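Remarks on the structure that follows.
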Amino acid sequence: MTKPTAPAPALSPAGLTDRIELMQTFVRIVEAGSLSAAAAQLGTTQPTVSRRLQTLERSLGVRLLQRSTHAMKMTEDGERCYERAKDLLAGWDEFENELRGARLQAEGALRVVVPHAFGQKQLIGPLAEFMRRHPRITVEWLLHDRAADFITHGIDCAIEVGDVHDPSLVAIHLAEVPRMTVVAPALLQGKPLPQHPADLASLPWIAIPAFYRREVTLTHAVSGEQKHIAFRPQLVTDSLYALRNAAIEGMGVAVGSSWILAEDVAAGRLVQLLPQWLPDPLPVSLLYPYARFYPARLRHFIDTMKEAMPAAVRGAVGWDAGKGKKKD
């Protein structure tokens with residue numbers, strides 16, 4: 001007679017919590033590329049991360065990672081565990097969020113990368129409103145003009161200006177940034193005001209390599225005719241604010257976002273050149289990695305940026321929550 005199999009002991013809530021934490025740590029180690037990087041992202045120590053990994057390996061009875069002084073790679077069991085752990089964690093997050101009504105009470109931390117200029121000025125109003133709406137969410141607001149490294153730095157999403165070329169990311173188009181061509185009045189003293197794009201080639205230029213370095217294309221607002229202008233820049237910078245300030249100092253012609261230059265044009269500190277010939281607008285996108293499940297805090301943040309960005313690119317700093325437009 002076959003002896004009945006004894007039922008497995010019930011897993012205590014504490015035991016379940018521990019195992020979820022161990023799986024979260026293992027996934028973060030793999031995605032961060034090292035124990036030290038995972039520890040930094042998790043806000044703990046490397047010995048703690050190492051101890052969690054060893055506990056998970058003992059619990060499962062398999063070796064998950066092969067480590068040497070200079071390298072780390074997953075074993076075959078580790079690769080299977082990694083894929084399965086990601087699915088389990090996503091399912092657990094979704095389960096928790098449904099039970100807690102996460103659509104109404106989103107919580108947790110978001111790491112967001114934003115461009116320096118937008119992140120210091122235009123997006124602070126929408127960010128503040130987002131955090132007022134969701135007081136249980138904390139945000140790490142990182143200002144970088146370079147492409148975000150989502151895995152290494154544990155980034156949840158990024159806002160980028162310019163074309164997106166990475167097919168591994170979800171890219172949500174938010175808006176188009178209008179641009180203008182400007183120069184300081186002092187630079188034009190004694191010279192005729194340019195009447196045609198070709199007249200700009202002889203002037204000194206300031207370049208911002210993320211968007212243009214040695215040439216720009218201008219399009220006539222009425223006819224659609226395009227003209228390409230080649231030049232050798234006198235100054236190259238990676239900062240939109242530096243571009244603006246250098247232009248005001250008379251260091252050269254600059255092409256920049258209208259929202260940051262329009263006030264200086266209105267005040268006479270800069271002159272808009274050839275207003276009928278416009279540089280192409282720049283797309284603004286919100287990027288994040290593909291996943292089976294996205295936490296409510298990220299979904300709410302995406303909704304806020306989609307609402308706010310059209311006003312932000314027009315220069316409307318006083319963002320009106322719920323209407324996405326400048327306050328009166």
Side-chain angles (χ1 to χ4, degrees), residues 20-21 23-25 27-33 37-44 49 85-86 89-161 164 166 168-175 284-313 319 321-322 324:
I20 290 173
E21 182 181 57
M23 285 191 294
Q24 289 172 330
T25 300
V27 169
R28 186 57 62 91
I29 292 169
V30 173
E31 294 182 345
Q41 293 177 17
L42 291 169
T44 187
V49 169
K86 286 197 302 181
L89 292 172
W92 179 257
D93 285 344
E94 188 170 14
F95 168 70
E96 281 190 325
N97 287 335
E98 287 176 357
L99 290 183
R100 293 176 180 175
R103 271 290 179 185
L104 299 176
Q105 291 294 328
E107 60 182 26
L110 274 178
R111 287 170 61 86
V112 183
V113 170
V114 293
H116 266 97
F118 268 135
Q120 291 181 67
K121 188 176 182 182
Q122 298 304 100
L123 296 183
I124 292 298
L127 172 64
E129 180 59 29
F130 168 76
M131 298 185 74
R132 281 192 289 268
R133 291 178 181 178
H134 308 287
R136 296 170 67 180
I137 297 177
T138 60
V139 177
E140 193 167 350
W141 194 248
L142 306 173
L143 303 180
H144 297 300
D145 288 325
R146 61 182 180 273
D149 188 336
F150 290 88
I151 301 302
T152 301
H153 298 117
I155 304 302
D156 293 292
C157 66
I159 293 173
E160 290 188 9
V161 178
V164 178
D166 190 342
S168 69
L169 300 174
V170 179
I172 297 178
H173 181 78
L174 298 177
V284 183
S285 304
L286 191 146
L287 312 177
Y288 52 92
Y290 284 97
R292 287 186 58 191
F293 168 77
Y294 300 107
R297 58 185 176 273
L298 177 59
R299 298 195 298 266
H300 286 309
F301 183 78
I302 292 170
D303 290 343
T304 298
M305 290 301 112
K306 288 169 68 175
E307 184 181 5
M309 190 58 72
V313 301
W319 185 66

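We're numbering straight along the sequence, starting at 1. These numbers come from a predicted model, not from an experiment. Scope of the values below: all heavy atoms of this structure, side chains included, with no hydrogens, waters or symmetry mates.
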- Task: Just do the side-chain contact (heavy atoms from CB on, under 4.5 Å) check on Gln120 and Leu143 with the steps written out, would you?
- Result: CA-CA 8 Å; Gln120 291 181 67; Leu143 303 180; 3.6 Å; yes
How long is the straight-line distance from [atom2] of [Y] back to [atom1] of [X], given to the nearest 0.5 Å?
{"X": "Thr25", "Y": "Ile20", "atom1": "OG1", "atom2": "CD1", "answer": "11.5 Å"}
{"X": "His116", "Y": "His144", "atom1": "NE2", "atom2": "NE2", "answer": "7.5 Å"}
{"X": "Ile151", "Y": "Arg28", "atom1": "CD1", "atom2": "CZ", "answer": "9.0 Å"}
{"X": "Glu21", "Y": "Leu42", "atom1": "CD", "atom2": "CG", "answer": "8.5 Å"}
{"X": "His300", "Y": "Ile137", "atom1": "NE2", "atom2": "CD1", "answer": "6.5 Å"}
{"X": "Asp145", "Y": "Phe118", "atom1": "CG", "atom2": "CZ", "answer": "11.0 Å"}

Any donor-acceptor pair under 3.5 Å linking the side chain of [X] with the backbone of [Y]?
{"X": "Gln122", "Y": "Ala312", "result": "yes"}
{"X": "Arg299", "Y": "Tyr294", "result": "yes"}
{"X": "Trp141", "Y": "Gly119", "result": "yes"}
{"X": "Asp156", "Y": "Leu298", "result": "no"}
{"X": "Arg111", "Y": "Glu140", "result": "no"}

- Query: Would Thr304 and Glu129 count as a side-chain contact (heavy atoms from CB on, under 4.5 Å) if you check the C-alpha gap in whole Å, the side-chain angles of each, and the deciding distance to 0.1 Å?
  - Reply: CA-CA 9 Å; Thr304 298; Glu129 180 59 29; 5.8 Å; no
Quick one, [X] and [Y] - any side-chain contact, counting heavy atoms below 4.5 Å?
{"X": "Pro115", "Y": "Glu160", "result": "no"}
{"X": "Ile155", "Y": "Asp149", "result": "no"}
{"X": "Thr138", "Y": "Leu110", "result": "no"}
{"X": "Leu123", "Y": "Met305", "result": "yes"}
{"X": "Lys86", "Y": "Glu31", "result": "yes"}
{"X": "Ile159", "Y": "Val113", "result": "no"}

Do you know which two heavy atoms are closest between [X] and [Y], and how far apart they sit?
{"X": "Ala175", "Y": "His173", "value": "O-CE1, 3.2 Å"}
{"X": "Tyr290", "Y": "Ser168", "value": "CD1-O, 3.1 Å"}
{"X": "Ala158", "Y": "Ala148", "value": "CB-CB, 3.8 Å"}
{"X": "Ala38", "Y": "Ala32", "value": "N-CB, 3.7 Å"}

- Show your working on side-chain contact (heavy atoms from CB on, under 4.5 Å) between Leu286 and Ile302 and close with a plain yes or no. CA-CA 8 Å; Leu286 191 146; Ile302 292 170; 3.8 Å; yes
- Task: Verify side-chain contact (heavy atoms from CB on, under 4.5 Å) between Leu287 and Val170, making sure each step is shown before the conclusion.
- Result: CA-CA 6 Å; Leu287 312 177; Val170 179; over 6 Å; no
- Task: Test Phe130 against Phe301 for ring pair (Phe, Tyr, Trp, His ring centres under 6.0 Å), laying out the working first.
- Result: CA-CA 7 Å; Phe130 168 76; Phe301 183 78; 5.4 Å; yes
